[in-house]
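What follows is one structure encoded as structure tokens, with my remarks underneath.
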Amino acid sequence: MITGFLALYIFMLAAFTGYEIISRVPVILHTPLMSGSNFVHGIVLVGAMVALGHAETPVEITIGVIAVLLAAGNVAGGYVVTERMLEMFKTSKPAAGEKK
Amino acid sequence: MVLPAWMPTVVEAIYFIAAVLFIWGLKRMSSPRTARNGIIWAGIGMAAAIVATFFLPGMHNLPLMIGAIVVGVVLSWIVGRRVPMTAMPQMVALFNGMGGGAAAAIGAVELIKFNAALMLVPDTSPIQPEAWVNVAVHLSPVELVLAFLGVLIGAVSFTGSLIAFAKLQGWMDRRFVFPLQRWVNLAIFAAAVVCGALALAAGIEGHAFAWGLLVGFVVLSLVFGIAMTLPIGGADMPVVISMYNAFTGLAVAFEGFVLQNEAMIIAGMVVGAAGTLLTQLMAKAMNRSLGNVLFGNFGGGGGAGESQEIAGALKPIDANDAAVMMAYAERVAIVPGYGMAVAQAQHKIWEFAKLLIARGVKVKFAIHPVAKPACRTT
């Protein structure tokens, strides 16, 4: 169980982590990173599954199904789009290939 | 299905690993050389977290859940694969909006359950501390506040992103402005906050709130997302989408707190913070402030402002950015000028050109007729 100040610490540390990851990023990576973080908040699917998994009345189930449907779209779409964007950074050039 | 007692611990452990993989993946995505496998690491974390969630105790509606996941994944996978590369920004908007909508829906389900549980308890005002035991679904005041905030932010991100999508897709007029728009938007926002605050105050006291308040809160939040995005022009959309991306992250973190789900809290908060900074960086790269993007199109004289920007835009770039851009370019033309000669940088330029050539970039030198004598002095 996470309560009170412990949650506040988690919020604070996670916020700094996010901030540090992004600082000093080259401009051409802005859009792929936006897309990548869009995929990461697809974790909302886990929450949607929990909400639907504990839903009982028809109203709760309906909203829960909508949540799962939307969140699943977020996850899959976010992944495909990010992958396609990053494919453009593929180093097909022979000399650069060996740096990997 | 009976699950062993140690199952929740295993699920927690997998959530922890998933959180690590998300941060690691994003970190790798922030450098061009490692970016491509960054998304794969994050994807592994996501898959693990989703599979693990099925093994949480007390999950019902599993067939419905699997069905919804399959439909959602297949549809957006196909759409994401098929659209042309040029349509990528609106795809990010669309999928981000879906995430925001999901976060808002989670909050709504939790609030409905809480309120329904409160209605079953005899309404003594204010509720006695020991009476809380009888409330089946108990949300603490902090959880209630965050649940409402998550619904508000998630709903705004949902409809706002959909409008951004429609605009970029060309389904909608570029801008939609009318007199006193700022005040109308403010009024919508205030009305949403009032509905939410009334329901919240009742909930904290232990009274059940009227369903109309919750419905009004959700609907007004959704309307505010639309109203806020309508006046913003298409050219500013990437910045706005990035902002809604940060919004969704925050909403996910808040609802994660309500559900006591650490993976959601950490992933959501990291995205919230990263997205906020990214929004600022993108606005800066366009030589705009965020306030200017959001509110700049209100009021008169919008057209004049736009033509001015086209006339005089200077985009500053630092050495880091320049290096990355050239390393991943097909062809680079170097135009040596007076500055290079004065700085005696010709050897550095040649080393630099050799590095680029080694990466497979086609390098050419272009000599400006006026600068030619300066070059020859070397």
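The structure displayed is predicted, hence computed values, not measured ones. Order of the sequence lines fixes the chain letters, A, B, ..., with proteins taken first and strands second; residue numbering starts at 1 for each chain.
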Do B/Asn96 and A/His41 meet the criterion of a side-chain donor-acceptor pair at a distance under 3.5 Å? yes
Can you tell me if B/Asn61 uses its side chain to pair, donor with acceptor, with the backbone of A/Gly53 under 3.5 Å? no
Got a second to check how far A/Met49's CE is from B/Ile69's CD1, nearest 0.5 Å? 4.0 Å
OG1 (A/Thr82) and CZ (B/Phe95) are apart, to the nearest 0.5 Å, by 10.0 Å
Chain A interface, residue from B/Glu110, B/Met46, B/Met88 that has the most non-hydrogen pairs under 4.5 Å: B/Met46
How would you list, by chain and number, every residue that makes a side-chain hydrogen bond (donor to acceptor under 3.5 Å, both in side chains) with B/Gln90, sequence neighbours excluded? B/Gln169
Residue among B/Leu75, B/Val73, B/Thr279 with most heavy-atom pairs under 4.5 Å to chain A: B/Val73
Which heavy atom in B/Ile266 sits nearest to a heavy atom in A/Ala14, and how many Å separate them? O-CB, 4.0 Å
Only pairs of heavy atoms separated by less than 4.5 Å count here; which of B/Ala273, B/Ala42, B/Ala274 has the most with chain A? B/Ala274
For the backbone of B/Pro84 and the side chain of A/Arg84, can you confirm whether one donor and one acceptor N or O come within less than 3.5 Å of each other? no
Considering all heavy atoms, the nearest B/Val109-A/Gly64 contact: CG2-N, 4.0 Å
Students often mix this up, so state it plainly: with edges at 30° and 60°, are the rings of B/Trp77 and A/Tyr79 parallel, tilted or perpendicular? parallel
CG of A/Leu33 to CE of B/Met282, rounded to nearest 0.5 Å, is 10.0 Å
Taking B/Val324 as the fixed residue, which of A/Leu29, A/Ile28, A/Val27 is the one that meets the side-chain contact (heavy atoms from CB on, under 4.5 Å) rule? A/Ile28
Nearest 0.5 Å, what's the OG-CG distance between A/Ser37 and B/Asn245? 4.0 Å
Roughly how far, to the nearest 0.5 Å, is CG of B/Leu277 from CD of A/Glu20? 9.0 Å
Show, in sequence, the C-alpha distance, side-chain angles and deciding distance for A/Glu83 and B/Arg81, and conclude whether the side-chain contact (heavy atoms from CB on, under 4.5 Å) test is met. CA-CA 10 Å; A/Glu83 207 205 7; B/Arg81 275 265 161 245; 3.0 Å; yes
Gap separating the CG atom of A/Leu45 from the OG1 atom of B/Thr53, nearest 0.5 angstrom: 7.5 Å
